[in-house]
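Below, read A as the first sequence line, B as the second, and so on, with proteins coming before strands; counting in each chain starts at 1. Since the structure is predicted, the reported quantities are computational estimates derived from the model, not experimental observations.
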There are 2 protein chains.
Amino acid sequence: MFFLKELPTRRMLETYAARYPGMEAGTVGDALRLLRRASLLLRELDAYFSAHGLSQSRFLVLVVIDREPEATGLLASVIADRLDISRPVVTETVKALTQAGLLTSVPDPDDGRARRIALTTRGQAVLADRLPGYFALIAEFMGRADEPTA
Amino acid sequence: MFFLKELPTRRMLETYAARYPGMEAGTVGDALRLLRRASLLLRELDAYFSAHGLSQSRFLVLVVIDREPEATGLLASVIADRLDISRPVVTETVKALTQAGLLTSVPDPDDGRARRIALTTRGQAVLADRLPGYFALIAEFMGRADEPTA
DNA sequence: CCTCAATGGTTAGGGTCCTAACCAATACCC
DNA sequence: GGGTATTGGTTAGGACCCTAACCATTGAGG
């Protein structure tokens, strides 16, 4: 996360750019604004989810499973790959969601190592309940004027 | 952090947009790309810093102190405000940087509660050593082509 | 003055994420 | 077939960030 309020001034960046060829001041400024803006949005999304007993990752786990055309569920390793997070996080997240009654996890009939993770009816309902607010929050955020740049 | 590899398709977003007036599919798609792109950059920056015994926050603490024209140092609460992070994180970060010899923290002569936090010579040197790689990493990242969008 | 609110800072406890190391089952290959 | 590598998953331990609650000092008002 990157929340630095006052980004380096264009002047500072240009001083560096002059010293290190290959670095372009405008590009770096763009990157820092990207980081700050995304971090602020992530913070708002985290607040939204935690107010509803979820988190970014828990929500996205529900999303990728729901998105799956196969009704048989996903493997944890597939979820880790789709979400680009580590497998231990999937283990923990799936455990929490299963305990909350939003997921089921049954042994894979074809592979003794694997488990098939699927949404329960309640999981589908929770996801459907959260999506409108999720999109609304994002749309509202994006509509807000950018902060004035130094 | 938000690393979802396959973002929702335009079609999916449009389905939602049709259902929830006020939500515009293109805008939400932009936001999700913003989140993913920033998360990837944050991950690379974290790796860069941790390879050098730092972290985003530690680095930024050095930056904001260095940037300060006053030579007397900053208060922890000011650092927390500039970086937009909680005060306990500043307490912990400053402690680590002080133990590493990059910062000094001396009682404020005018306020018995406060401490003035300043860079040591070594802290300045470490910051100067990291800045070029930091900017280079960012510039290189921004130069990379965006991932193909679904 | 003397009380009480505000400010500077720390501690305690919890959430999320990571890597490294580890089982168990499957797949490859001679 | 039997040894070895690979794959699915979990456990252990640590880094970083947060809120709530807590001291200590300063400031403001009657």
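Of the candidate nucleotides C/dA6, C/dT16, D/dG9, D/dG9 has the atom nearest to the side chain of A/R115. The side chain of B/R58 lies closest to D/dC16, out of D/dT19, D/dC16, C/dT7. Among the nucleotides C/dC18, C/dG9, D/dG9, the one closest to any side-chain atom of A/P88 is C/dC18. Here the side chain of B/L75 is nearest to one of C/dG8, D/dC16, C/dT10, namely C/dG8. The side chain of B/D111 lies closest to C/dG8 when the candidates are D/dC16, C/dG8, D/dG9.
The side chain of A/S77 contributes no N or O atom lying less than 4.0 Å from OP1 or OP2 of D/dT7.
Rounded to whole Å, atom P of C/dC17 lies 21 Å from atom CZ of B/F49. Between the C1' atom of C/dT7 and the CG atom of B/D110 lies a distance of 15 Å, rounded to the nearest Å. We find that CD of A/E92 is positioned 16 Å from C1' of C/dT19, with the value rounded to whole Å. In this entry the distance linking CG of B/L42 with C1' of D/dA15 reads 15 Å, nearest Å. Distance CG (B/D46) to P (C/dT16): 18 Å, rounded to an integer number of Å. If you take NZ of B/K95 and P of C/dG9, they are 15 Å apart, rounded to a whole angstrom. Summarising the geometry, the separation between CG on A/L74 and P on D/dG9 is reported as 10 Å, rounded to the nearest angstrom. Going from atom CG of A/L40 over to atom P of D/dC18 covers 12 Å, rounded to whole Å.
In this structure, B/R43 forms a cation-pi arrangement with B/F3, its terminal cationic atom sitting closer than 6.0 Å to the ring centre and no more than 45° off the ring axis.
Nearest-nucleotide positions on DNA chain D for A/V90 and A/F3 put A/V90 closer to the 5' end. Residues A/Q56 and A/R113 both approach DNA chain C. Their nearest nucleotides, taken by heavy-atom distance, put A/Q56 toward the 5′ side.
Among the protein residues, A/S55 comes within range of the sugar-phosphate backbone only, with heavy atoms under 4.0 Å from sugar or phosphate atoms but none that close to a base. Note on B/S57: only backbone sugar-phosphate atoms sit closer than 4.0 angstrom, heavy atoms only; bases stay farther off. At the heavy-atom level, B/R43 lies under 4.0 Å from the strands shown only through sugar-phosphate atoms.
B/L74 pairs in a side-chain contact (heavy atoms from CB on, under 4.5 Å) with only one of the listed residues (B/R67, B/R116, B/R82), which is B/R82.
Note: A/F59 and A/Y134 meet the aromatic proximity criterion, with ring centroids under 6.0 Å apart.
Side-chain N or O atoms of B/T27 include none that pairs as donor or acceptor with a backbone N or O of B/M23 at under 3.5 Å. Remark: side-chain polar atoms of A/S105 are not paired, donor with acceptor, to backbone N or O of A/I117 under 3.5 angstrom.
Contact of B/R87 with C/dG9 (side chain to base): a donor-acceptor pair of N or O atoms is detected under 3.5 Å.
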